[in-house]
2 protein chains.
Amino acid sequence: MPDIATIRVPADFEFEFPGASRSASEVAVNLARTQMAIIAEIERPPREAHGLSASAFQTLAILDGAGEPLPGHVIAERLLVSSASMTSLVDTLERRGLVERRPHPTDRRKVLIHLTPDAQRVVDQQLPAIHAVIAQAISTLPESDREHLLSSLTTIRARLSLLAGQPLPPAKARRRRRAESTDRSAR
Amino acid sequence: MPDIATIRVPADFEFEFPGASRSASEVAVNLARTQMAIIAEIERPPREAHGLSASAFQTLAILDGAGEPLPGHVIAERLLVSSASMTSLVDTLERRGLVERRPHPTDRRKVLIHLTPDAQRVVDQQLPAIHAVIAQAISTLPESDREHLLSSLTTIRARLSLLAGQPLPPAKARRRRRAESTDRSAR
DNA sequence: TATTGTTATACTCTATAACTATA
DNA sequence: TATAGTTATAGAGTATAACAATA
């Protein structure tokens, strides 16, 4: 049973990367791996393979969540893709009969994307399964730790939203250690 | 300044999705968003745009971390891609002069992938920048919370590695709420 | 027989640039 | 002018299946 220990970085990490923080990088690496493991479990077959890419399924989920048809540019912006990519995504979904394009009643520049009954079935089937997997994945974490975890994550996101508006600091040069053969792939 | 609050799911969430856990889904959603925000900050230009995809850069990082040339199938397995995809990835990197294929000295089935000096320069420049961004992103989280966070993440990963070996439980049906127009996109 | 890697094929995602239609 | 969307073009990533070479 691999991968059940906390991933650590080497003791000389902060020597090799001036400006880095060992504990911070450990948090980042473990965050990434945990997130990947959750995704993998959610997508593990047989998940009644809907055969949709993450972006395509997310498009359906966004439409379901909105509870009403949306114009393409709104979906594109929530999905963080370009308008041309959105066109192509909607093309794919339309080909599979999961969405329909219909003209906006008043603004003739816009095209409203509607979920079809087939798509609604896909979403209604997938969402409960996804949330059930998540419930199972987190089930061994006590409720009090969940609140603590949420608060730590929010602290990080708040800091990131500040950083996003600032210029990037110059990076300091890597200091090479003497040659050795230990595996440093965790970095 | 958007997105600095903990993302919550609606109060009737566990009614709508039997078998789901509200706090668990909140953890999963916030984990995903935090992870995305870290990636976005790491990739924020001008990051001396190396122009490499995530997989391509990770391939270089894996080779750098190993400290020695590796056969393709080893990289493929760490990267979680097929051997054919690995061939295509190495093709791309070779075209850009970042890796070289050389025959394995003893096992003639294998091809060892070597980093070129150019690639080493890319990695030596990117890794310190990445770890510096991470240090900044986590900087407002007290050291004791970092350990707590790591431990919670490991608890989740341990549970996931157990689940991965088990059959998927049947999902219960979604219960539709009365129609309303609130935005439920956080799900 | 099993392992390693490649080729062939196909599809999706993604982006930029140029364009049309509408507001 | 600005907004919404499409088309054209291009490149990358991904997978499966069939195959060759080697162990």
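Just so it is clear, the structure is predicted and the values come from calculations on it, not from any experiment. In the text below, chain A, chain B and the rest are named by the order of the sequence lines, each starting its count at 1.
B:Arg78 and B:Thr59 are not linked by any side-chain donor-acceptor pair at a separation below 3.5 angstrom, with hydrogens and angles left out of the test. Looking only at atom types and distance, the side chain of B:Glu143 has a donor-acceptor partner in the side chain of A:Ser23 under 3.5 Å away. If you check the side chains of A:Thr6 and B:Thr154, you find a donor sitting under 3.5 Å from an acceptor. Under the 3.5 Å distance criterion, with hydrogens and angles disregarded, no donor-acceptor pair is assigned to the side chains of A:Arg96 and A:Thr116.
Proximity note for A:Lys110 (side chain, C-beta onward) versus C:dA23, D:dG5, C:dT14: the nearest is D:dG5. Ranking D:dG5, D:dA12, C:dG5 by closeness to the B:Arg96 side chain, first place goes to D:dA12. The side chain of B:Thr87 lies closest to C:dG5, out of D:dA12, C:dG5, C:dA17. Of the candidate nucleotides D:dT14, C:dT7, C:dT14, D:dT14 has the atom lying nearest to any side-chain atom of B:Leu89.
Look at CZ on B:Arg95: it is 15 Å from P on D:dA10, rounded to the nearest Å. The distance between atom CD of A:Glu77 and atom P of D:dA4, rounded to the nearest whole Å, is 9 Å. Residue A:His104 contributes atom NE2, which lies 14 Å from atom C1' of D:dG5 at whole-angstrom precision. Atom CD1 of A:Ile75 is separated from atom P of D:dT3 by 19 Å (rounded to the nearest Å). In this structure, A:Gln58 atom CD and C:dT14 atom C1' are separated by 15 Å, rounded to whole Å. Atom-to-atom, CZ of A:Arg102 to P of D:dG5 comes out at 16 Å; the value is rounded to the nearest Å. Between B:Glu94 atom CD and D:dA12 atom C1' the separation is 17 Å, expressed in whole Å. Rounded to an integer number of Å, the gap from B:Leu112 CG to C:dT6 P is 12 Å.
Sequence order on DNA chain D of the closest nucleotides to A:Met86 and B:Ala84 puts A:Met86 first from the 5' end.
Counting non-hydrogen atoms under 4.0 angstrom, A:Thr106 reaches the backbone sugars and phosphates but no base. Within 4.0 Å of A:Ser55, counting heavy atoms only, lie sugar-phosphate atoms of the nucleic acid but no base atom. Across all strands shown, B:Ser83 has heavy atoms under 4.0 Å from base atoms, whether or not it also approaches the sugar-phosphate.
No hydrogens or angles were tested; on distance alone, a donor-acceptor pair under 3.5 Å links the side chain of B:Arg109 to the base of C:dT3.
For C:dA15, the OP1/OP2 oxygens have a side-chain nitrogen or oxygen of A:Ser82 closer than 4.0 Å. Distances shown here put every side-chain N or O of B:Arg108 at or beyond 4.0 Å from the OP1 or OP2 atom of C:dT3. Distances shown here put every side-chain N or O of A:His73 at or beyond 4.0 Å from the OP1 or OP2 atom of D:dT3. Between C:dT6 and B:Arg101, a contact under 4.0 Å exists linking OP1 or OP2 to a side-chain N or O. OP1 and OP2 of D:dT14 both lie 4.0 Å or more from every side-chain N or O belonging to B:Ser85.
Listed for the B:Arg175 side chain is no donor-acceptor partner under 3.5 Å among the backbone atoms of B:Phe17.
Contact check for B:Leu98 versus B:Glu94: no side-chain heavy atoms found under the 4.5 Å cut-off.
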